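Quick notes on the structure that follows.
Quick note: numbers below take in every heavy atom, side chains included, and nothing from hydrogens, waters or symmetry partners. Whatever order the structure lists ligands and atoms in, that order sets their numbers, starting from 1. All values reported here derive from a predicted model rather than from experimental measurement.
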Amino acid sequence: MAESFTVHFVANYWRHILGIILPLLILYVIRSFFTRKRDTPETNRSPSELPEEHPLAEFRDAQPTDKDSDLPTAPLSPLHAEDTEQMPYVHVKHTEEEMIQRSQEFYKLMNNRRSVRMFSQQPVPIEVIRNIVHTAGTAPSGAHTEPWTFAVVQDAEIKSKIREIVEKEEYINYDRRMGDKWVQELQFVNTNYEKPYLDEAPYLIVVLKKPFRIGPDGTKHVHYYYEISTAISTGILIAAIQNVGLVTVTTTPMNAGVAIRELLGRPEHEKVMLLLPVGYPAPDATVPSIKRKPLNDIMVLK
Ligand code: IYR
(Lines give C-alpha, C1' and ligand atoms only; values in the text may rest on other atoms or scores of the structure.)
Protein backbone atom coordinates (compact mmCIF):
# COMPACT_ATOMS: atom_id res chain seq x y z
CA MET A 1 0.00 0.00 0.00
CA ALA A 2 2.71 2.44 1.13
CA GLU A 3 4.89 1.30 -1.72
CA SER A 4 2.25 1.88 -4.38
CA PHE A 5 1.63 5.31 -2.86
CA THR A 6 5.31 6.20 -3.20
CA VAL A 7 5.44 4.92 -6.78
CA HIS A 8 2.26 6.83 -7.58
CA PHE A 9 3.56 10.00 -5.89
CA VAL A 10 6.92 9.90 -7.71
CA ALA A 11 5.26 9.11 -11.05
CA ASN A 12 2.96 12.12 -10.73
CA TYR A 13 5.20 14.67 -9.13
CA TRP A 14 8.74 13.79 -10.45
CA ARG A 15 9.03 17.10 -12.23
CA HIS A 16 8.40 19.01 -8.98
CA ILE A 17 10.72 16.75 -7.02
CA LEU A 18 13.50 17.23 -9.57
CA GLY A 19 12.78 20.98 -9.63
CA ILE A 20 13.56 21.16 -5.91
CA ILE A 21 16.44 18.67 -5.68
CA LEU A 22 18.42 19.76 -8.75
CA PRO A 23 18.88 23.46 -7.78
CA LEU A 24 19.82 22.37 -4.24
CA LEU A 25 22.43 19.99 -5.62
CA ILE A 26 23.89 22.68 -7.90
CA LEU A 27 24.02 25.16 -4.98
CA TYR A 28 25.80 22.56 -2.84
CA VAL A 29 28.43 21.86 -5.51
CA ILE A 30 29.11 25.59 -6.07
CA ARG A 31 29.33 26.27 -2.33
CA SER A 32 31.74 23.41 -1.62
CA PHE A 33 33.94 24.55 -4.52
CA PHE A 34 34.32 28.05 -3.06
CA THR A 35 34.74 27.00 0.59
CA ARG A 36 37.53 24.58 -0.38
CA LYS A 37 39.48 27.42 -2.06
CA ARG A 38 39.00 29.81 0.86
CA ASP A 39 39.74 27.38 3.64
CA THR A 40 42.95 25.99 2.17
CA PRO A 41 45.92 27.96 3.50
CA GLU A 42 48.05 29.09 0.55
CA THR A 43 51.12 27.23 1.74
CA ASN A 44 49.17 23.98 1.91
CA ARG A 45 47.71 24.34 -1.52
CA SER A 46 49.19 22.12 -4.13
CA PRO A 47 51.87 24.15 -5.95
CA SER A 48 50.43 23.16 -9.31
CA GLU A 49 47.28 25.14 -8.37
CA LEU A 50 49.22 28.37 -7.80
CA PRO A 51 49.06 31.10 -10.44
CA GLU A 52 52.26 31.88 -12.37
CA GLU A 53 52.96 35.18 -10.59
CA HIS A 54 52.35 33.82 -7.06
CA PRO A 55 55.42 34.09 -4.77
CA LEU A 56 55.15 30.41 -3.96
CA ALA A 57 54.66 29.39 -7.59
CA GLU A 58 58.19 28.05 -7.71
CA PHE A 59 56.96 25.10 -5.67
CA ARG A 60 55.46 23.69 -8.82
CA ASP A 61 59.06 22.56 -9.39
CA ALA A 62 59.11 21.14 -5.91
CA GLN A 63 56.47 18.66 -6.98
CA PRO A 64 58.56 15.62 -7.59
CA THR A 65 57.95 14.01 -10.95
CA ASP A 66 60.12 11.02 -10.22
CA LYS A 67 60.42 8.28 -7.66
CA ASP A 68 60.51 10.77 -4.76
CA SER A 69 56.84 11.53 -5.30
CA ASP A 70 55.92 8.58 -3.09
CA LEU A 71 57.76 10.02 -0.08
CA PRO A 72 55.66 11.32 2.81
CA THR A 73 56.00 15.08 3.33
CA ALA A 74 57.01 16.39 6.74
CA PRO A 75 57.10 20.01 7.90
CA LEU A 76 60.42 21.80 8.31
CA SER A 77 61.83 21.72 11.80
CA PRO A 78 60.34 24.65 13.77
CA LEU A 79 63.42 26.89 13.67
CA HIS A 80 61.48 29.82 15.00
CA ALA A 81 59.87 28.04 17.89
CA GLU A 82 59.69 29.96 21.15
CA ASP A 83 62.50 27.97 22.73
CA THR A 84 65.02 28.72 19.95
CA GLU A 85 68.06 30.10 21.66
CA GLN A 86 69.04 33.68 20.86
CA MET A 87 72.59 34.96 20.95
CA PRO A 88 74.15 38.40 20.70
CA TYR A 89 74.85 39.64 17.18
CA VAL A 90 78.53 40.35 16.66
CA HIS A 91 78.64 43.76 14.99
CA VAL A 92 81.76 45.14 13.33
CA LYS A 93 81.24 48.91 13.27
CA HIS A 94 83.03 51.35 10.95
CA THR A 95 83.11 55.13 11.01
CA GLU A 96 81.13 56.94 8.30
CA GLU A 97 84.36 57.83 6.49
CA GLU A 98 85.45 54.21 6.58
CA MET A 99 82.05 53.10 5.30
CA ILE A 100 82.27 55.48 2.35
CA GLN A 101 85.78 54.34 1.53
CA ARG A 102 84.99 50.63 1.88
CA SER A 103 81.83 50.93 -0.23
CA GLN A 104 83.77 52.74 -2.97
CA GLU A 105 86.52 50.16 -2.94
CA PHE A 106 84.07 47.27 -3.07
CA TYR A 107 82.24 48.93 -5.95
CA LYS A 108 85.53 49.32 -7.86
CA LEU A 109 86.41 45.69 -7.23
CA MET A 110 83.00 44.47 -8.43
CA ASN A 111 82.81 46.89 -11.35
CA ASN A 112 85.97 45.30 -12.67
CA ARG A 113 84.19 41.92 -12.85
CA ARG A 114 83.46 40.67 -16.35
CA SER A 115 82.12 37.40 -17.69
CA VAL A 116 85.27 35.83 -19.08
CA ARG A 117 85.16 32.91 -21.49
CA MET A 118 88.89 32.48 -22.13
CA PHE A 119 90.76 30.71 -19.38
CA SER A 120 94.36 29.94 -18.56
CA GLN A 121 95.04 26.36 -17.54
CA GLN A 122 97.23 27.53 -14.66
CA PRO A 123 96.26 25.58 -11.55
CA VAL A 124 94.53 27.26 -8.60
CA PRO A 125 94.93 25.94 -5.04
CA ILE A 126 91.84 23.96 -3.99
CA GLU A 127 91.97 25.80 -0.66
CA VAL A 128 90.94 29.01 -2.49
CA ILE A 129 87.94 27.21 -4.05
CA ARG A 130 86.98 25.73 -0.70
CA ASN A 131 86.99 29.20 0.88
CA ILE A 132 84.96 30.65 -2.01
CA VAL A 133 82.29 27.94 -1.73
CA HIS A 134 82.30 28.31 2.06
CA THR A 135 81.55 32.01 1.53
CA ALA A 136 78.67 31.22 -0.87
CA GLY A 137 77.21 29.04 1.88
CA THR A 138 76.85 32.10 4.13
CA ALA A 139 73.95 33.36 1.97
CA PRO A 140 70.53 33.88 3.55
CA SER A 141 68.00 31.17 2.70
CA GLY A 142 64.27 30.61 3.20
CA ALA A 143 63.74 29.31 6.78
CA HIS A 144 67.50 28.70 6.92
CA THR A 145 67.15 25.62 4.74
CA GLU A 146 70.42 26.19 2.83
CA PRO A 147 68.90 24.64 -0.30
CA TRP A 148 72.07 24.42 -2.41
CA THR A 149 74.88 22.08 -3.37
CA PHE A 150 78.08 23.22 -5.09
CA ALA A 151 79.66 20.35 -7.01
CA VAL A 152 83.28 21.31 -7.66
CA VAL A 153 84.67 19.42 -10.64
CA GLN A 154 88.45 19.29 -10.99
CA ASP A 155 88.66 15.92 -12.77
CA ALA A 156 89.60 16.59 -16.42
CA GLU A 157 87.56 13.66 -17.73
CA ILE A 158 84.35 14.71 -15.95
CA LYS A 159 84.86 18.30 -17.13
CA SER A 160 85.17 17.25 -20.76
CA LYS A 161 82.12 14.97 -20.46
CA ILE A 162 80.14 17.96 -19.14
CA ARG A 163 81.45 20.05 -22.04
CA GLU A 164 80.33 17.34 -24.48
CA ILE A 165 76.82 17.19 -22.94
CA VAL A 166 76.44 21.00 -23.00
CA GLU A 167 77.81 21.46 -26.52
CA LYS A 168 75.48 18.80 -27.92
CA GLU A 169 72.46 20.68 -26.50
CA GLU A 170 73.84 24.13 -27.34
CA TYR A 171 74.36 23.07 -30.94
CA ILE A 172 70.62 22.39 -31.16
CA ASN A 173 69.85 25.64 -29.25
CA TYR A 174 71.87 27.77 -31.66
CA ASP A 175 70.93 25.81 -34.76
CA ARG A 176 67.15 25.60 -34.40
CA ARG A 177 65.70 25.41 -30.87
CA MET A 178 66.01 29.08 -29.91
CA GLY A 179 65.35 30.77 -33.24
CA ASP A 180 67.05 33.53 -35.26
CA LYS A 181 66.05 36.41 -32.94
CA TRP A 182 67.83 34.80 -29.96
CA VAL A 183 70.97 34.10 -32.02
CA GLN A 184 71.00 37.68 -33.38
CA GLU A 185 70.49 39.30 -29.97
CA LEU A 186 73.40 37.37 -28.52
CA GLN A 187 75.82 38.17 -31.32
CA PHE A 188 77.58 40.88 -29.32
CA VAL A 189 78.53 38.29 -26.66
CA ASN A 190 80.45 36.52 -29.41
CA THR A 191 79.40 33.01 -28.39
CA ASN A 192 78.41 29.92 -30.27
CA TYR A 193 77.68 26.33 -29.27
CA GLU A 194 81.36 25.69 -28.47
CA LYS A 195 82.23 25.96 -24.76
CA PRO A 196 85.99 25.39 -24.38
CA TYR A 197 85.94 27.11 -20.98
CA LEU A 198 83.97 24.22 -19.53
CA ASP A 199 87.01 21.94 -19.57
CA GLU A 200 89.91 24.40 -19.86
CA ALA A 201 89.35 26.20 -16.56
CA PRO A 202 90.93 24.32 -13.64
CA TYR A 203 87.58 24.06 -11.84
CA LEU A 204 83.98 23.85 -12.91
CA ILE A 205 81.50 24.64 -10.13
CA VAL A 206 78.06 23.14 -10.77
CA VAL A 207 75.40 24.96 -8.73
CA LEU A 208 72.47 22.72 -7.80
CA LYS A 209 69.23 23.95 -6.22
CA LYS A 210 67.22 21.69 -3.95
CA PRO A 211 63.42 22.14 -3.95
CA PHE A 212 63.30 19.84 -0.91
CA ARG A 213 65.48 17.61 1.19
CA ILE A 214 64.95 14.08 2.33
CA GLY A 215 65.34 13.60 6.09
CA PRO A 216 67.07 10.62 7.70
CA ASP A 217 63.64 9.03 8.27
CA GLY A 218 62.86 9.24 4.54
CA THR A 219 60.38 12.11 4.84
CA LYS A 220 60.42 15.04 2.45
CA HIS A 221 60.91 18.61 3.73
CA VAL A 222 59.94 21.33 1.26
CA HIS A 223 62.45 24.18 0.96
CA TYR A 224 60.68 27.52 0.72
CA TYR A 225 62.23 30.07 -1.67
CA TYR A 226 64.93 27.60 -2.69
CA GLU A 227 65.32 29.22 -6.09
CA ILE A 228 65.99 32.79 -4.95
CA SER A 229 68.11 31.50 -2.03
CA THR A 230 70.39 29.54 -4.38
CA ALA A 231 70.54 32.53 -6.75
CA ILE A 232 71.63 34.81 -3.88
CA SER A 233 74.32 32.33 -2.83
CA THR A 234 75.58 32.25 -6.43
CA GLY A 235 75.87 36.06 -6.35
CA ILE A 236 78.01 35.81 -3.25
CA LEU A 237 80.06 33.03 -4.93
CA ILE A 238 80.72 35.32 -7.91
CA ALA A 239 81.77 38.19 -5.61
CA ALA A 240 84.12 35.81 -3.75
CA ILE A 241 85.67 34.69 -7.06
CA GLN A 242 86.22 38.32 -8.04
CA ASN A 243 87.69 39.09 -4.62
CA VAL A 244 90.60 36.67 -5.15
CA GLY A 245 91.33 37.83 -8.70
CA LEU A 246 89.92 34.82 -10.51
CA VAL A 247 87.28 34.91 -13.25
CA THR A 248 84.11 33.05 -14.21
CA VAL A 249 81.12 33.11 -16.55
CA THR A 250 77.60 32.11 -15.46
CA THR A 251 76.60 29.39 -17.88
CA THR A 252 73.05 28.12 -18.06
CA PRO A 253 73.10 24.50 -19.17
CA MET A 254 69.91 24.66 -21.20
CA ASN A 255 68.42 21.15 -21.48
CA ALA A 256 71.62 19.54 -20.20
CA GLY A 257 70.81 19.61 -16.47
CA VAL A 258 69.62 16.05 -15.99
CA ALA A 259 72.55 14.47 -17.85
CA ILE A 260 75.04 16.58 -15.84
CA ARG A 261 73.33 15.69 -12.55
CA GLU A 262 73.44 12.00 -13.42
CA LEU A 263 77.10 12.23 -14.44
CA LEU A 264 77.88 13.80 -11.06
CA GLY A 265 75.91 11.11 -9.24
CA ARG A 266 73.70 13.68 -7.52
CA PRO A 267 70.20 12.68 -6.34
CA GLU A 268 67.12 13.35 -8.46
CA HIS A 269 65.80 16.07 -6.15
CA GLU A 270 68.83 18.29 -6.88
CA LYS A 271 68.39 20.41 -10.02
CA VAL A 272 71.38 21.78 -11.93
CA MET A 273 71.00 25.56 -12.08
CA LEU A 274 74.31 27.03 -13.30
CA LEU A 275 77.81 26.07 -14.39
CA LEU A 276 80.68 28.34 -13.31
CA PRO A 277 84.15 27.69 -14.69
CA VAL A 278 86.71 29.20 -12.31
CA GLY A 279 90.35 30.05 -12.95
CA TYR A 280 92.74 32.72 -14.17
CA PRO A 281 91.87 34.51 -17.41
CA ALA A 282 93.93 33.52 -20.47
CA PRO A 283 96.75 36.10 -20.94
CA ASP A 284 95.14 37.21 -24.23
CA ALA A 285 91.55 37.06 -22.96
CA THR A 286 89.15 39.60 -24.44
CA VAL A 287 85.63 40.61 -23.39
CA PRO A 288 82.91 42.51 -25.25
CA SER A 289 83.20 46.25 -24.77
CA ILE A 290 80.03 47.04 -22.80
CA LYS A 291 78.96 49.87 -20.51
CA ARG A 292 76.95 49.54 -17.30
CA LYS A 293 73.87 51.65 -16.64
CA PRO A 294 74.58 54.83 -14.67
CA LEU A 295 73.43 54.80 -11.04
CA ASN A 296 70.52 57.11 -11.82
CA ASP A 297 69.09 54.53 -14.20
CA ILE A 298 69.09 51.71 -11.66
CA MET A 299 68.36 53.55 -8.40
CA VAL A 300 65.39 55.62 -7.37
CA LEU A 301 65.47 57.65 -4.17
CA LYS A 302 62.11 58.44 -2.57
N1 IYR B 1 73.77 30.13 -23.05
C2 IYR B 1 74.29 30.41 -24.38
C3 IYR B 1 73.84 31.71 -24.93
C4 IYR B 1 73.90 32.90 -24.07
C5 IYR B 1 72.72 33.41 -23.58
C6 IYR B 1 72.72 34.56 -22.86
I7 IYR B 1 70.93 35.32 -22.28
C8 IYR B 1 73.92 35.23 -22.58
O9 IYR B 1 73.93 36.39 -21.82
C10 IYR B 1 75.11 34.71 -23.06
C11 IYR B 1 75.09 33.54 -23.80
C12 IYR B 1 75.79 30.34 -24.38
O13 IYR B 1 76.41 30.26 -23.31
O14 IYR B 1 76.37 30.38 -25.45
Only heavy atoms of Y174, strictly under 4.0 Å: list the atoms of ligand 1 that pass. 2 (C), 3 (C), 12 (C), 14 (O)

Side chain, backbone, both or neither: Y193 near ligand 1, heavy atoms under 4.0 Å: neither

W182 heavy atoms, cut-off 4.0 Å: which ligand 1 atoms fall inside? 3 (C)

NZ/NE/NH1/NH2 to OD/OE distance under 4.0 Å, K195 and E167: no

Is it the case that the ring center of H221 lies less than 6.0 angstrom away from the ring center of F212? no

Between Y174 and W182, ring centroids under 6.0 Å: yes

E164 bridged to K168 by N-O distance under 4.0 Å: no

Checking heavy atoms under 4.0 Å, the part of E170 that sits near ligand 1 is side chain

Between V183, T191, L186, which one has a non-hydrogen atom sitting closest to atom 5 (C) of ligand 1? L186

Would you mind listing which atoms of ligand 1 come within a distance below 4.0 Å of any non-hydrogen atom of R117? 10 (C)

Heavy-atom contacts with K195 under 4.0 Å: which atoms of ligand 1 show up? List them by number with element. 12 (C), 13 (O), 14 (O)

Relative to the heavy atoms of N192, which atoms of ligand 1 are at a distance of less than 4.0 Å? 14 (O)

Below 30° counts as parallel, above 60° as perpendicular, anything between as tilted: where do the rings of Y197 and F119 land? tilted

Answer yes or no: is there an ion pair linking E169 with R177, defined by an N-O contact shorter than 4.0 Å? yes

